[in-house]
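Have a look at the structure below, then the notes.
Order of the sequence lines sets the chain letters (A, B, ...), proteins ahead of strands, with each chain counted from 1.
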There are 2 protein chains.
Amino acid sequence: MRVEKVTSVDVAKLAGVSQSAVSRVFTPGASVSPKMAEKVLKAAQELGYRPNVLARSLITGRSRIIGLVVAYLENQFYPDALEKLSTALQAHGYHILVFMVSNDDDSVDKVMGELLDYQVDGIITASVGMSNALAARCAAVGVPVVLFNRGQDDERLNQVTSNNFEGGRKIAEFLVAGGHRKIAHIAGWSGSSTGRDREAGLRAGLKAAGIDVAVCIDGMYNRETASAAAREIFSAADRPDAVFVGNDHMAFAVMDVLRFELKLDVPGDVSVVGYDDVPLASWPAYDLTTLRQPSNRMVEATVSTLLGWIEEGSNDVQKIQIDGPLMIRGSARVPEGWPDERL
Amino acid sequence: MRVEKVTSVDVAKLAGVSQSAVSRVFTPGASVSPKMAEKVLKAAQELGYRPNVLARSLITGRSRIIGLVVAYLENQFYPDALEKLSTALQAHGYHILVFMVSNDDDSVDKVMGELLDYQVDGIITASVGMSNALAARCAAVGVPVVLFNRGQDDERLNQVTSNNFEGGRKIAEFLVAGGHRKIAHIAGWSGSSTGRDREAGLRAGLKAAGIDVAVCIDGMYNRETASAAAREIFSAADRPDAVFVGNDHMAFAVMDVLRFELKLDVPGDVSVVGYDDVPLASWPAYDLTTLRQPSNRMVEATVSTLLGWIEEGSNDVQKIQIDGPLMIRGSARVPEGWPDERL
DNA sequence: GAACTTTCTGCATACGTATGCAAACTGAAG
DNA sequence: CTTCAGTTTGCATACGTATGCAGAAAGTTC
């Protein structure tokens, strides 16, 4: 099974040159004469030689590995982001080492330790926060961190999110303009900045119209919790006629409960608005009105922030917020003459 | 930014012992006295020392990295598998390095080259095939490969799939028993074994009942292609009254077309059956009858095969097929007295 | 306490590559 | 042909860890 590896020394021997020469041929930007390059490449070709990235990392201190920490891939937003992140980083010669965690500090800390053991060049956490101790450790070993879709008050952590407060506010405006006065909120997890900010935005938007949230339950970014919340809120006789659900993933569950359990019409009886605009939201079965998180631009910002730190030695912490449009579809009543931002 | 790393030498110095001693303390199963261990661990703790996995790999020839090659994460089956694979491997001290590819040989070969550069201990491809040349190269460097959810006629490649032929056959039986005689097939990509086997199973099952497939179009595992196929097949006046769609991901698109474009009732006018049983299939909006690919057991088989090769030096190639039950839900007419396999 | 076995420790070296330095070479200018 | 600058090459060493070997220490038995 185990087979003898072919190393730069073997190539050097065959080509009749020094090992350093071989190394230089495979190092972009090094000083090599054309005939040397040719000789070496021919020998390398013949032996099937390829540089050992790990050995290289040991010397250069760069592994070209980015650690991605992610809690759950059930919500379509994350596989989508993962795919885009991976593709974007690959184009720059980096690759993603995936670490699954449950969303509690202990688990994150443990896993993050393993991550650092791999000498990763940078860390992206997708919708996962980290303890201060951990942030300090990453800073201490010089590994930049970007929180993707999660904010945290730590002046060492970069972060890229959509403008969650503004998004919540926009949704409030939209619902009010649609004539809704009794508006429920099944919130994103209150332990996350995204959940809190969206809720705060909603409240601010409603307040501006002199309205208060009719009822608010924490949906924990979880289908079951959100379903239960929907049952509770919409079984009552004086039920609200609109609900903003903290993300699309929960909104689908809520719509299912409304339609198939409570036999309510969406949007006839209840308007439903989500947050994220995952691909599924545009499928006709749900046709969900939702605030789009521009994952392309979020990924772009994440990658360029990370590479800035890694390759250009940048060290100013970025707290990037990206605005997204409200995607108007069929799950919520559309106010007369409401402008379609997507155009 | 760059910070001085703490190495085993530093720890050794502080603890007043040799570097080897430090190494041994961090190597499970090495011979160390209790007081030595205590001294070293104390010093390590104080300095925040953790072994450098890369340097260790260089010596041991084991990176504890598994390369995962995957084409697209849009189909919910794959993020789900990725999550489970990652969690399972993590439990064994391995981690997943993700490589996204488009599904053509060139792209796969290029990416797989990079993969080998990382000295991965093993490779899993999710629904991606590989060229013979590549299989040879992996074999040559002693890196085991497991094809997850994809078969290929190569005696060097392990593979784990569901029993696709039998699944297709089961579905044929089910539809026939339901009284359907005019049965369409929107097939999985004919360039993949899964697509071909499911189709062959369907045809065999129908043939046993003296029926031929009414119409068959390759859906390419793609939503748009499948939608177009559904439009074509079900716009005709003498349309079929049942369709087996090659996977759930396409089946959702097909149901959307049937219901929302063609205003057909599912299952009243048309029975729809999918393949995979992704989480979304059980959500009330689709409530899709589908053949379950037991991803838990598939992941288990994949991991144990891989670890067998890596850790126990196994070298018998596994071609594992796992049977899955038909999940009976509301998208297809249920034959009288049909036994529910799920019980 | 001697003789022996067992457990532990340090020394030295190896893994595969990158890079500073000095020597060797190249070519142009005088 | 000499001189000099610029380019290319090889030598030696370093990165951080694991491990075979031999010697030291500890434990066992009589």
key: Partner set under side-chain hydrogen bond (donor to acceptor under 3.5 Å, both in side chains) for B/Glu114, not counting sequence neighbours   = A/His95
remark   = Students should find that the end-to-end axis angle of the helix from C/dG1-D/dC30 to C/dG30-D/dC1, with five pairs defining each axis and rounding to 10 degrees, is 30°
ask   = How about B/Asp316: does its CG atom have over 12 heavy atoms from other parts shown lying under 6.0 Å from it?
value = yes
Member of A/Leu115, A/Val70, A/Ile123 meeting the side-chain contact (heavy atoms from CB on, under 4.5 Å) criterion with A/Phe99 = A/Leu115
request  = Would you indicate what B/Ser23 reaches in the nucleic acid, counting non-hydrogen atoms under 4.0 angstrom: base, sugar-phosphate, or nothing?
outcome  = base
message = Assuming nearest nucleotide by heavy-atom distance, tell me which of B/Ile59 and B/Val32 is located more 5' along DNA chain C.
response = B/Val32
request  = Measure the spacing between OH of B/Tyr78 and OG of B/Ser127 and express it to the nearest 0.5 Å.
outcome  = 3.0 Å
task = Look at all strands and tell whether B/Ser31 reaches a base, only sugar-phosphate, or nothing, counting heavy atoms closer than 4.0 Å.
result = base
task = Just grab all the salt bridge (charged side-chain N to carboxylate O under 4.0 Å, His left out) pairs involving residues 83-98 of chain B, residues at least two apart or on different chains.
result = B/Asp80-B/Lys84
Partners passing side-chain contact (heavy atoms from CB on, under 4.5 Å) against A/Leu47 (at least two apart in sequence or in another chain) = A/Val6, A/Asp10, A/Val11, A/Leu14
Check: B/Gln119 and A/Val53 side chains under 4.5 Å, non-hydrogen atoms = no
query = Can you pull the contact range of chain A along DNA chain D, 5' to 3', using atoms under 4.0 angstrom from its heavy atoms?
reply = D/dT8 to D/dG16
ask   = Is there a residue in residues 11-20 of chain B whose heavy atoms reach under 4.0 Å of DNA chain D, and which residues are they?
value = B/Gln19, B/Ser20
inquiry  = Ring centres under 6.0 Å, that's the criterion: do A/Tyr72 and A/Tyr221 meet it?
reply    = no
inquiry  = Need one value for B/Val22: base, sugar-phosphate or nothing, where a base atom within 4.0 Å counts as base even if backbone is also close, heavy atoms only.
reply    = nothing
task = Evaluate whether atom CD of A/Glu311 has more than 12 neighbouring non-hydrogen atoms of other residues, nucleotides or ligands under 6.0 angstrom away.
result = yes
query = Hey, does the side chain of A/Asn149 reach the backbone of A/Ala126 with a donor-acceptor pair shorter than 3.5 angstrom?
reply = no
